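The structure under discussion appears below in the form of C-alpha coordinates.
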Amino acid sequence: MSNLLNKLSVRSPWLFRINAGSCNGCDVELATTALIPRFDVERFGCRYCGSPRHADVVLITGPVTLKMRDKVLKLWDEIPNPKVTVAVGICPISGGVFRDSYSLAEPLDHLIPVDVNVPGCPPRPQAILEGVVLAKKIWMRKLGIEEG
Amino acid sequence: MAGFLKVLLRNVLQGPSTDPYPLGPTFSPDSIRGKVVVDPTMCIGCGMCVHVCTAGAINIQHNENGHVITIYRNSCCLCANCHLYCPTGAITLTDDWHSAHEQAVKYQQIEQQHIDYEPCLGCGTPVRVMPLALVSKLYAGKPDVDPEHVRHLCPRCRQMEDAVRTYNLQHPEAPASGNDEA
(Lines give C-alpha, C1' and ligand atoms only; values in the text may rest on other atoms or scores of the structure.)
Protein backbone atom coordinates (compact mmCIF):
# COMPACT_ATOMS: atom_id res chain seq x y z
CA MET A 1 0.00 0.00 0.00
CA SER A 2 2.71 2.44 0.95
CA ASN A 3 4.66 1.39 -2.13
CA LEU A 4 1.62 2.17 -4.28
CA LEU A 5 1.27 5.52 -2.58
CA ASN A 6 4.94 6.21 -3.18
CA LYS A 7 4.57 5.36 -6.85
CA LEU A 8 1.57 7.62 -7.21
CA SER A 9 3.07 10.57 -5.39
CA VAL A 10 6.52 10.20 -6.82
CA ARG A 11 5.94 12.50 -9.75
CA SER A 12 5.51 15.60 -7.69
CA PRO A 13 8.05 16.58 -5.05
CA TRP A 14 6.91 19.80 -3.44
CA LEU A 15 9.43 22.53 -2.93
CA PHE A 16 9.96 24.65 0.13
CA ARG A 17 12.18 27.69 0.32
CA ILE A 18 14.20 28.86 3.29
CA ASN A 19 15.89 32.24 3.14
CA ALA A 20 18.77 31.91 5.60
CA GLY A 21 19.89 35.51 5.38
CA SER A 22 20.15 35.79 1.62
CA CYS A 23 20.56 39.08 -0.26
CA ASN A 24 17.40 38.11 -2.22
CA GLY A 25 19.30 37.57 -5.47
CA CYS A 26 18.87 33.82 -5.31
CA ASP A 27 15.30 34.21 -4.07
CA VAL A 28 14.47 36.29 -7.12
CA GLU A 29 15.94 33.55 -9.30
CA LEU A 30 13.90 30.94 -7.46
CA ALA A 31 10.74 32.98 -7.90
CA THR A 32 11.60 33.39 -11.57
CA THR A 33 12.09 29.68 -11.98
CA ALA A 34 8.74 28.99 -10.40
CA LEU A 35 6.53 31.78 -11.52
CA ILE A 36 7.20 32.73 -15.10
CA PRO A 37 6.05 30.41 -17.89
CA ARG A 38 9.45 30.50 -19.56
CA PHE A 39 11.19 28.30 -16.97
CA ASP A 40 8.07 26.66 -15.50
CA VAL A 41 9.22 24.33 -12.72
CA GLU A 42 5.77 22.73 -12.62
CA ARG A 43 6.66 20.67 -15.69
CA PHE A 44 8.54 18.38 -13.30
CA GLY A 45 5.56 18.09 -10.98
CA CYS A 46 7.17 20.47 -8.52
CA ARG A 47 5.35 23.33 -6.88
CA TYR A 48 6.11 25.60 -4.01
CA CYS A 49 4.23 24.99 -0.80
CA GLY A 50 3.76 27.28 2.15
CA SER A 51 4.30 24.80 4.92
CA PRO A 52 7.44 22.78 5.64
CA ARG A 53 5.23 19.83 6.62
CA HIS A 54 4.09 19.44 3.01
CA ALA A 55 7.54 19.70 1.48
CA ASP A 56 9.83 17.08 -0.04
CA VAL A 57 12.63 19.21 -1.44
CA VAL A 58 13.97 22.17 0.50
CA LEU A 59 15.85 24.96 -1.28
CA ILE A 60 18.03 27.00 1.04
CA THR A 61 19.47 30.35 0.00
CA GLY A 62 21.78 32.68 1.82
CA PRO A 63 24.69 32.22 4.20
CA VAL A 64 23.36 30.87 7.48
CA THR A 65 23.50 33.88 9.75
CA LEU A 66 23.70 33.47 13.51
CA LYS A 67 20.20 34.89 13.84
CA MET A 68 18.75 32.46 11.31
CA ARG A 69 20.62 29.33 12.34
CA ASP A 70 18.17 28.01 14.93
CA LYS A 71 15.18 28.93 12.77
CA VAL A 72 16.65 27.11 9.78
CA LEU A 73 17.30 24.01 11.89
CA LYS A 74 13.77 24.14 13.33
CA LEU A 75 12.14 24.51 9.92
CA TRP A 76 14.33 21.79 8.44
CA ASP A 77 13.37 19.44 11.26
CA GLU A 78 9.69 19.92 10.46
CA ILE A 79 10.06 18.62 6.91
CA PRO A 80 9.10 14.93 6.80
CA ASN A 81 11.62 12.33 5.70
CA PRO A 82 12.81 11.50 3.12
CA LYS A 83 13.78 15.05 2.27
CA VAL A 84 16.30 16.46 -0.14
CA THR A 85 18.25 19.59 0.72
CA VAL A 86 19.43 21.86 -2.06
CA ALA A 87 21.87 24.69 -1.37
CA VAL A 88 21.21 27.48 -3.90
CA GLY A 89 23.93 30.04 -4.51
CA ILE A 90 27.50 30.15 -3.25
CA CYS A 91 26.52 31.54 0.17
CA PRO A 92 25.08 28.37 1.77
CA ILE A 93 27.78 26.28 0.08
CA SER A 94 30.89 28.12 1.21
CA GLY A 95 29.85 31.45 2.68
CA GLY A 96 30.55 33.15 -0.63
CA VAL A 97 31.44 36.81 -0.40
CA PHE A 98 30.39 36.81 3.27
CA ARG A 99 32.77 34.03 4.30
CA ASP A 100 34.45 34.50 7.71
CA SER A 101 32.04 37.29 8.62
CA TYR A 102 31.33 37.82 12.31
CA SER A 103 27.59 37.35 11.80
CA LEU A 104 27.71 33.97 10.06
CA ALA A 105 27.27 30.63 11.78
CA GLU A 106 29.00 28.11 9.53
CA PRO A 107 28.52 26.61 6.05
CA LEU A 108 25.20 24.85 5.67
CA ASP A 109 26.66 21.36 5.29
CA HIS A 110 28.23 21.60 8.74
CA LEU A 111 24.74 22.01 10.21
CA ILE A 112 22.52 19.73 8.12
CA PRO A 113 23.18 17.10 5.43
CA VAL A 114 23.06 18.78 2.01
CA ASP A 115 22.35 16.69 -1.09
CA VAL A 116 22.68 19.06 -4.04
CA ASN A 117 24.72 22.23 -4.51
CA VAL A 118 23.89 24.84 -7.13
CA PRO A 119 26.70 27.44 -7.04
CA GLY A 120 26.36 30.80 -8.72
CA CYS A 121 25.84 34.35 -7.60
CA PRO A 122 22.99 33.93 -8.34
CA PRO A 123 22.72 30.75 -10.41
CA ARG A 124 20.81 30.91 -13.68
CA PRO A 125 17.18 29.72 -13.60
CA GLN A 126 18.23 26.86 -15.88
CA ALA A 127 20.97 25.89 -13.42
CA ILE A 128 18.41 25.88 -10.60
CA LEU A 129 16.14 23.70 -12.77
CA GLU A 130 19.10 21.34 -13.22
CA GLY A 131 19.49 21.26 -9.45
CA VAL A 132 15.78 20.58 -8.91
CA VAL A 133 15.83 17.73 -11.43
CA LEU A 134 18.92 16.31 -9.68
CA ALA A 135 17.15 16.68 -6.33
CA LYS A 136 14.13 14.84 -7.70
CA LYS A 137 16.38 11.99 -8.80
CA ILE A 138 17.95 11.78 -5.33
CA TRP A 139 14.52 11.97 -3.73
CA MET A 140 13.36 8.98 -5.79
CA ARG A 141 16.51 7.10 -4.86
CA LYS A 142 15.73 7.77 -1.20
CA LEU A 143 12.20 6.50 -1.70
CA GLY A 144 13.58 3.35 -3.28
CA ILE A 145 12.10 4.03 -6.69
CA GLU A 146 14.47 4.55 -9.59
CA GLU A 147 13.32 6.92 -12.28
CA GLY A 148 12.00 5.03 -15.31
CA MET B 1 -14.27 38.01 -27.97
CA ALA B 2 -12.23 38.87 -31.03
CA GLY B 3 -9.23 39.72 -28.83
CA PHE B 4 -9.40 36.35 -27.16
CA LEU B 5 -9.51 34.60 -30.53
CA LYS B 6 -6.50 36.60 -31.68
CA VAL B 7 -4.50 35.47 -28.65
CA LEU B 8 -5.63 31.88 -29.14
CA LEU B 9 -4.63 31.91 -32.79
CA ARG B 10 -1.24 33.42 -31.95
CA ASN B 11 -0.60 30.79 -29.29
CA VAL B 12 -1.57 27.98 -31.64
CA LEU B 13 0.76 29.30 -34.33
CA GLN B 14 3.72 30.20 -32.11
CA GLY B 15 3.64 27.29 -29.70
CA PRO B 16 4.47 27.47 -26.00
CA SER B 17 6.94 30.07 -24.81
CA THR B 18 8.42 27.72 -22.19
CA ASP B 19 12.12 27.07 -22.51
CA PRO B 20 12.32 23.28 -23.03
CA TYR B 21 15.45 22.94 -20.85
CA PRO B 22 16.43 20.44 -19.35
CA LEU B 23 14.29 18.28 -21.65
CA GLY B 24 15.47 20.17 -24.72
CA PRO B 25 17.99 22.78 -25.85
CA THR B 26 18.30 26.18 -24.24
CA PHE B 27 20.03 29.45 -24.99
CA SER B 28 22.95 31.31 -23.44
CA PRO B 29 23.34 35.07 -23.79
CA ASP B 30 26.69 36.19 -25.25
CA SER B 31 27.68 38.05 -22.11
CA ILE B 32 26.90 35.25 -19.65
CA ARG B 33 29.55 34.63 -17.00
CA GLY B 34 30.06 30.93 -16.38
CA LYS B 35 32.81 28.77 -14.95
CA VAL B 36 36.25 30.36 -14.67
CA VAL B 37 39.19 28.85 -16.51
CA VAL B 38 42.90 29.64 -16.28
CA ASP B 39 45.21 29.43 -19.27
CA PRO B 40 48.41 27.85 -17.87
CA THR B 41 50.51 29.17 -20.77
CA MET B 42 49.68 32.78 -19.84
CA CYS B 43 49.48 32.80 -16.02
CA ILE B 44 52.61 34.38 -14.55
CA GLY B 45 51.53 34.05 -10.92
CA CYS B 46 51.58 37.77 -10.16
CA GLY B 47 48.71 37.44 -7.67
CA MET B 48 46.58 40.29 -8.98
CA CYS B 49 43.55 37.98 -9.23
CA VAL B 50 44.00 36.93 -5.59
CA HIS B 51 44.09 40.60 -4.61
CA VAL B 52 40.94 41.64 -6.49
CA CYS B 53 38.84 38.49 -5.97
CA THR B 54 35.65 39.59 -4.23
CA ALA B 55 34.92 36.22 -2.65
CA GLY B 56 38.52 35.21 -1.91
CA ALA B 57 38.10 32.20 -4.17
CA ILE B 58 41.59 32.24 -5.74
CA ASN B 59 44.75 30.88 -4.18
CA ILE B 60 48.26 30.89 -5.62
CA GLN B 61 50.95 28.75 -3.99
CA HIS B 62 54.54 29.49 -4.94
CA ASN B 63 57.34 27.00 -4.47
CA GLU B 64 60.87 26.67 -5.81
CA ASN B 65 59.94 24.94 -9.03
CA GLY B 66 56.69 26.58 -9.97
CA HIS B 67 53.36 27.82 -8.80
CA VAL B 68 49.88 26.38 -8.50
CA ILE B 69 46.80 28.51 -9.11
CA THR B 70 43.54 27.22 -7.68
CA ILE B 71 40.08 28.71 -8.14
CA TYR B 72 37.33 27.35 -5.91
CA ARG B 73 34.20 27.40 -8.05
CA ASN B 74 31.93 27.00 -5.05
CA SER B 75 33.22 30.32 -3.70
CA CYS B 76 33.46 32.16 -7.00
CA CYS B 77 30.77 34.84 -7.32
CA LEU B 78 31.35 35.25 -11.07
CA CYS B 79 32.09 38.97 -10.79
CA ALA B 80 34.85 38.67 -13.45
CA ASN B 81 37.17 41.03 -11.57
CA CYS B 82 40.02 38.53 -12.14
CA HIS B 83 39.32 38.57 -15.87
CA LEU B 84 39.27 42.37 -15.87
CA TYR B 85 42.48 42.84 -13.89
CA CYS B 86 44.58 39.91 -15.12
CA PRO B 87 47.56 41.63 -16.81
CA THR B 88 48.22 38.76 -19.20
CA GLY B 89 44.62 37.81 -19.94
CA ALA B 90 45.13 34.32 -18.52
CA ILE B 91 41.77 34.13 -16.74
CA THR B 92 38.56 33.96 -18.71
CA LEU B 93 34.96 33.20 -17.85
CA THR B 94 33.42 30.61 -20.13
CA ASP B 95 29.73 30.36 -21.00
CA ASP B 96 29.45 27.03 -19.16
CA TRP B 97 26.84 27.63 -16.46
CA HIS B 98 26.01 23.97 -15.69
CA SER B 99 27.00 24.23 -12.06
CA ALA B 100 24.54 21.95 -10.19
CA HIS B 101 26.28 18.98 -8.59
CA GLU B 102 25.80 16.44 -5.85
CA GLN B 103 27.32 16.88 -2.42
CA ALA B 104 29.75 13.99 -2.99
CA VAL B 105 31.69 16.00 -5.59
CA LYS B 106 31.51 19.34 -3.76
CA TYR B 107 35.22 19.59 -3.09
CA GLN B 108 36.18 18.65 -6.64
CA GLN B 109 34.65 21.83 -8.05
CA ILE B 110 37.97 23.58 -8.57
CA GLU B 111 40.01 24.94 -11.44
CA GLN B 112 43.65 24.13 -10.79
CA GLN B 113 46.70 24.68 -12.98
CA HIS B 114 50.29 23.76 -12.21
CA ILE B 115 52.84 26.07 -13.80
CA ASP B 116 56.39 24.71 -13.77
CA TYR B 117 59.48 26.90 -13.78
CA GLU B 118 62.49 26.27 -16.00
CA PRO B 119 66.15 27.13 -15.33
CA CYS B 120 67.24 30.58 -16.56
CA LEU B 121 69.51 30.35 -19.59
CA GLY B 122 71.85 32.92 -18.04
CA CYS B 123 72.27 31.92 -14.40
CA GLY B 124 70.33 28.68 -13.95
CA THR B 125 67.88 29.78 -11.27
CA PRO B 126 64.33 28.48 -11.84
CA VAL B 127 62.20 31.15 -13.53
CA ARG B 128 58.72 31.36 -14.97
CA VAL B 129 59.23 31.24 -18.73
CA MET B 130 57.51 34.34 -20.07
CA PRO B 131 54.58 33.75 -22.39
CA LEU B 132 55.68 34.18 -26.00
CA ALA B 133 52.76 36.50 -26.79
CA LEU B 134 53.84 38.76 -23.94
CA VAL B 135 57.49 38.86 -25.02
CA SER B 136 56.57 39.56 -28.63
CA LYS B 137 54.48 42.50 -27.44
CA LEU B 138 57.23 43.78 -25.13
CA TYR B 139 59.98 43.64 -27.75
CA ALA B 140 57.77 44.53 -30.73
CA GLY B 141 60.00 47.43 -31.84
CA LYS B 142 63.30 45.57 -31.42
CA PRO B 143 63.93 43.18 -34.30
CA ASP B 144 67.43 42.30 -33.01
CA VAL B 145 66.00 40.62 -29.89
CA ASP B 146 65.26 36.93 -30.10
CA PRO B 147 61.99 36.47 -28.15
CA GLU B 148 62.56 32.74 -27.76
CA HIS B 149 65.89 33.42 -26.00
CA VAL B 150 64.74 36.37 -23.90
CA ARG B 151 61.69 34.60 -22.48
CA HIS B 152 63.92 31.97 -20.86
CA LEU B 153 65.92 34.56 -18.86
CA CYS B 154 65.38 35.67 -15.28
CA PRO B 155 64.65 39.40 -14.77
CA ARG B 156 68.25 40.09 -13.70
CA CYS B 157 69.81 38.40 -16.68
CA ARG B 158 67.29 40.14 -18.93
CA GLN B 159 68.33 43.52 -17.53
CA MET B 160 71.96 42.63 -18.10
CA GLU B 161 71.28 41.60 -21.70
CA ASP B 162 69.32 44.79 -22.25
CA ALA B 163 72.15 46.94 -20.90
CA VAL B 164 74.71 45.11 -23.01
CA ARG B 165 72.58 45.51 -26.13
CA THR B 166 71.59 49.14 -25.52
CA TYR B 167 75.04 50.52 -24.68
CA ASN B 168 76.96 48.07 -26.83
CA LEU B 169 78.92 46.84 -23.81
CA GLN B 170 80.96 43.75 -23.30
CA HIS B 171 79.01 41.10 -21.42
CA PRO B 172 80.50 40.90 -17.88
CA GLU B 173 80.59 37.14 -17.97
CA ALA B 174 81.98 36.82 -21.50
CA PRO B 175 85.75 36.33 -21.89
CA ALA B 176 87.40 39.79 -22.03
CA SER B 177 89.20 39.98 -25.36
CA GLY B 178 88.92 43.46 -26.87
CA ASN B 179 89.18 45.45 -23.66
CA ASP B 180 92.95 46.02 -23.81
CA GLU B 181 92.79 48.33 -26.82
CA ALA B 182 90.02 50.47 -25.34
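As the structure is a prediction and not an experimental result, all values here were calculated from the model. Lettering of chains follows the sequences in order, A, B, ..., and the numbering in each one begins at 1.
Here B:Ala100 is the residue among B:Gly34, B:Ala57, B:Ala100 with the most heavy-atom pairs under 4.5 Å with chain A.
Heavy atoms closer than 4.5 Å to chain A are found in both the backbone and the side chain of B:Phe27. The parts of B:Ser75 that come within reach of chain A are both its backbone and its side chain, each placing non-hydrogen atoms under 4.5 angstrom from that chain. For B:Arg73, the part sitting under 4.5 Å from any heavy atom of chain A is the backbone (N, CA, C, O) and nothing else. A:Asp109 touches chain B through its side chain: at least one heavy atom from C-beta onward sits under 4.5 Å away, while N, CA, C and O do not. Contacts between B:Cys79 and chain A at a heavy-atom distance below 4.5 Å are absent for every atom of the residue. Residue contact with chain B, scored on non-hydrogen atoms closer than 4.5 Å, involves the backbone and the side chain of A:Ile93 alike. With a 4.5 Å cut-off on non-hydrogen atoms, A:Ile36 does not touch chain B at all. With a 4.5 angstrom heavy-atom cutoff, A:Phe44 touches chain B only via side-chain atoms. Proximity to chain B (any heavy atom under 4.5 Å) is shown, for A:Asn117, by both the backbone and the side chain.
A:Val58 and A:Leu73 fall within the same hydrophobic cluster, where Ile, Leu, Val, Met, Phe, Trp and Tyr residues are linked whenever their side-chain heavy atoms come under 4.5 Å apart, directly or through other members. There is a path of hydrophobic side-chain contacts, each under 4.5 Å, that joins A:Leu143 to A:Val84. In this structure, A:Val64 is a member of the same hydrophobic cluster as A:Val114, with clusters built from ILVMFWY side-chain heavy atoms closer than 4.5 Å. B:Leu23 and A:Val133 fall within a single hydrophobic cluster, where Ile, Leu, Val, Met, Phe, Trp and Tyr side chains are chained together by heavy-atom contacts under 4.5 Å. Hydrophobic clustering of Ile, Leu, Val, Met, Phe, Trp and Tyr side chains at less than 4.5 Å, counting indirect connections, keeps A:Ile60 apart from A:Tyr48.
Surrounding CZ of B:Arg156 are at most 12 heavy atoms belonging to other residues, nucleotides or ligands under 6.0 Å away. Other residues, nucleotides and ligands contribute over 12 non-hydrogen atoms within 6.0 Å of the NZ atom of A:Lys142. Residue B:His51 qualifies as open at atom NE2: its count of foreign heavy atoms under 6.0 Å is 12 or below. Atom CE of A:Met68 sits in a crowded spot, with more than 12 heavy atoms from other residues, nucleotides or ligands closer than 6.0 Å. No more than 12 heavy-atom neighbours from other residues, nucleotides or ligands sit within 6.0 angstrom of CG on B:Asp30. Residue B:His152 qualifies as enclosed at atom NE2: its count of foreign heavy atoms under 6.0 Å is above 12.
Contact record, A:Ile90 with B:Cys76: CG2-O, 3.4 Å, taken as the closest heavy-atom pair.
Judged by the 6.0 Å distance and 45° axis criteria, A:Arg43 is not positioned over the aromatic ring of B:Tyr21.
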Take A:Arg38 and B:Thr18 through the test side chain to side chain donor-acceptor pair (under 3.5 Å) and record every step on the way to the result.
-> CA-CA 4 Å; A:Arg38 189 177 201 169; B:Thr18 305; over 6 Å; no

For B:Glu102 and A:Asp115, run side-chain contact (heavy atoms from CB on, under 4.5 Å): C-alpha distance rounded to whole Å, both residues' side-chain angles, the deciding distance at 0.1 Å, then the answer.
-> CA-CA 6 Å; B:Glu102 289 192 34; A:Asp115 297 292; over 6 Å; no

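Atom-to-atom distance recorded for B:Arg33:CZ and A:Cys121:SG is 9.5 Å, nearest 0.5 angstrom.
The closest side-chain heavy-atom distance from B:Ser28 to A:Arg124 is below 4.5 Å. Residues A:Val116 and B:Gln103 fail the side-chain proximity criterion, which asks for heavy atoms closer than 4.5 Å.
Checking side-chain atoms of B:Ser99 against main-chain N and O of A:Pro119 turns up a donor-acceptor pair under 3.5 Å.
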